[in-house]
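Okay, structure first, notes after.
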Amino acid sequence: MASTFFSVILNGQIESAHFPRHDNLYCKFSFLHGPDWVVISGLEEGITQMSLATPSSAFSTASYPPTKLTKSCIWNFPLEIAYKSTNAFGWPQLVLSVYGTDLFGRDVIRGYGSLRIPITPGIHTLYVPMFVPLASTPLNGFLSWVTGRLPEFLDSRFVARNEGREVVRVRSQGTVKVQLNVGTKDMERFGYVVNRKLKGDP
């Protein structure tokens with residue numbers, strides 16, 4: 001009997017984060033998907049433990065010299081979710097929100113970021129650039145720092161959508177490393193080819 005849907009299975013971990021000027025960080029995550037997608041198992045959202053930055057080679061990438069150890073917050077927080085769908089529109093995204101504490105022990109946002117789940121099956125190591133919204137005026141920026149209420153989005157999933165993004169000012173801040181293992185099933189039945197090598201690929 002032919003399948004009436006295709007499946008996407010994802011597991012992995014939110015491995016670590018590198019924020020040069022911040023420490024004592026934790027990460028909230030959630031998955032965002034289109035209307036034709038249904039979660040058949042796993043958690044759609046969660047929160048990691050708080051981590052103290054320690055010297056690590058986790059971010060030995062092109063952005064950081066391989067011989068230089070950088071201080072990273074290590075989480076190794078597991079991710080696992082499975083979807084079924086009949087339409088590739090609204091392919092799942094992972095939304096990340098990193099929080100830390102300020103000098104007075106208040107929780108403040110340290111960075112937002114998002115990534116689209118890789119279409120190609122296999123193991124993927126991804127680096128998510130993070131950013132924070134800026135206050136609309138210098139005065140509002142000063143007041144938000146004094147009160148401990150830094151600018152943040154009411155809905156963290158805003159960063160994975162297009163609507164309204166063009167009017168938001170942001171500043172780049174930090175990077176999160178994510179390891180994902182992606183599997184797909186029955187996509188060819190719906191006309192999608194995700195693991196065929198293109199001409200010129202190694």
(message) How about CG on L52, more than 12 heavy atoms from neighbouring residues, nucleotides or ligands closer than 6.0 Å, or not?
(response) yes
(message) Within the 4.5 Å heavy-atom criterion, are I9 and V182 side-chain neighbours or not?
(response) no
(request) Measure from the side-chain N and O atoms of Q173 to the backbone N and O of R110, and report whether any donor-acceptor pair falls under 3.5 Å. (result) yes
(request) Please check if L115 and F89 belong to a single hydrophobic cluster, counting links between Ile, Leu, Val, Met, Phe, Trp and Tyr side chain heavy atoms closer than 4.5 Å. (result) no
(message) How close do V159 and Y112 get, counting heavy atoms only, and between which atoms?
(response) CG1-CB, 3.6 Å
(message) I want to check something: taking the side chain as every heavy atom from C-beta on, are F29 and L94 in contact at a cut-off of under 4.5 Å?
(response) yes
(message) With ring-ring contact (aromatic ring centres under 6.0 Å, His included) as the test, pick out the partner of Y26 among Y99, W75, F77.
(response) Y99
(message) Assigning hydrophobic clusters by single linkage (Ile, Leu, Val, Met, Phe, Trp, Tyr; side-chain heavy-atom cutoff under 4.5 Å), is V39 placed with L79?
(response) yes
(message) So, taking the atom named CD1 in I74 and the one named CD1 in I14, what distance separates them when rounded to the nearest 0.5 Å?
(response) 13.0 Å
(request) Kindly work out whether a path of hydrophobic side-chain contacts (I/L/V/M/F/W/Y, heavy atoms less than 4.5 Å apart) joins I81 to I119. (result) yes
(message) I need the S30 OG to R157 CZ distance, nearest 0.5 Å.
(response) 6.0 Å
(request) Find out whether the Lys NZ or Arg CZ of K84 is both under 6.0 angstrom from the six-membered ring centre of F5 and within 45° of the ring's axis. (result) yes
(message) Looking at every non-hydrogen atom in both residues, tell me the closest pair between R171 and L134 and how far apart they are.
(response) NH1-CD2, 3.2 Å
(request) Answer yes or no: does atom CD of E80 have more than 12 heavy-atom neighbours from other residues, nucleotides or ligands under 6.0 Å? (result) no
(request) For D102 and G105, indicate whether the former's side chain and the latter's backbone hold a donor-acceptor pair under 3.5 Å. (result) yes
(request) Enter the distance from C27:SG to I47:CD1 here, rounded to the nearest 0.5 Å. (result) 8.5 Å
(message) Any non-hydrogen side-chain atom of F190 less than 4.5 Å from a side-chain atom of N87?
(response) no
(message) So, taking the atom named CG in L25 and the one named OG in S51, what distance separates them when rounded to the nearest 0.5 Å?
(response) 7.5 Å
(message) Does any part of the side chain of L180, heavy atoms only, come nearer than 4.5 Å to the side chain of P118, both counted from C-beta?
(response) yes
(request) Heavy atoms only: give me the nearest V98-M130 pair and the separation to one decimal. (result) CG2-CE, 3.7 Å
(request) Write down the atom of V95, the atom of A160, and the distance for their closest heavy-atom approach. (result) CG2-CB, 3.8 Å
(request) Decide yes or no for T86 and T4: does some side-chain heavy atom of the first lie under 4.5 Å from some side-chain heavy atom of the second? (result) no
(message) To the closest 0.5 Å, what do you measure between SG (C73) and NZ (K177)?
(response) 14.5 Å
(message) Has Q93 got a side-chain atom pairing as donor or acceptor with L32's backbone, closer than 3.5 angstrom?
(response) no
(request) May I ask you to test the L10-F31 pair for a side-chain heavy-atom distance under 4.5 Å? (result) yes
(request) To the nearest 0.5 Å, tell me how far L96 CG sits from K28 NZ. (result) 13.0 Å
(request) Start with the C-alpha gap between I109 and S97, add the side-chain angles, then the distance that decides, and say whether side-chain contact (heavy atoms from CB on, under 4.5 Å) holds. (result) CA-CA 7 Å; I109 187 68; S97 305; 4.3 Å; yes
(request) Return each pair, listed once, that meets ring pair (Phe, Tyr, Trp, His ring centres under 6.0 Å) where at least one residue sits in residues 35-54; pairs must be two or more places apart or across chains. (result) F6-W37, W37-Y83, W37-W91
(request) For the pair H22 (side chain) and H18 (backbone), establish whether a donor and an acceptor sit closer than 3.5 Å, ignoring hydrogens and angles. (result) no
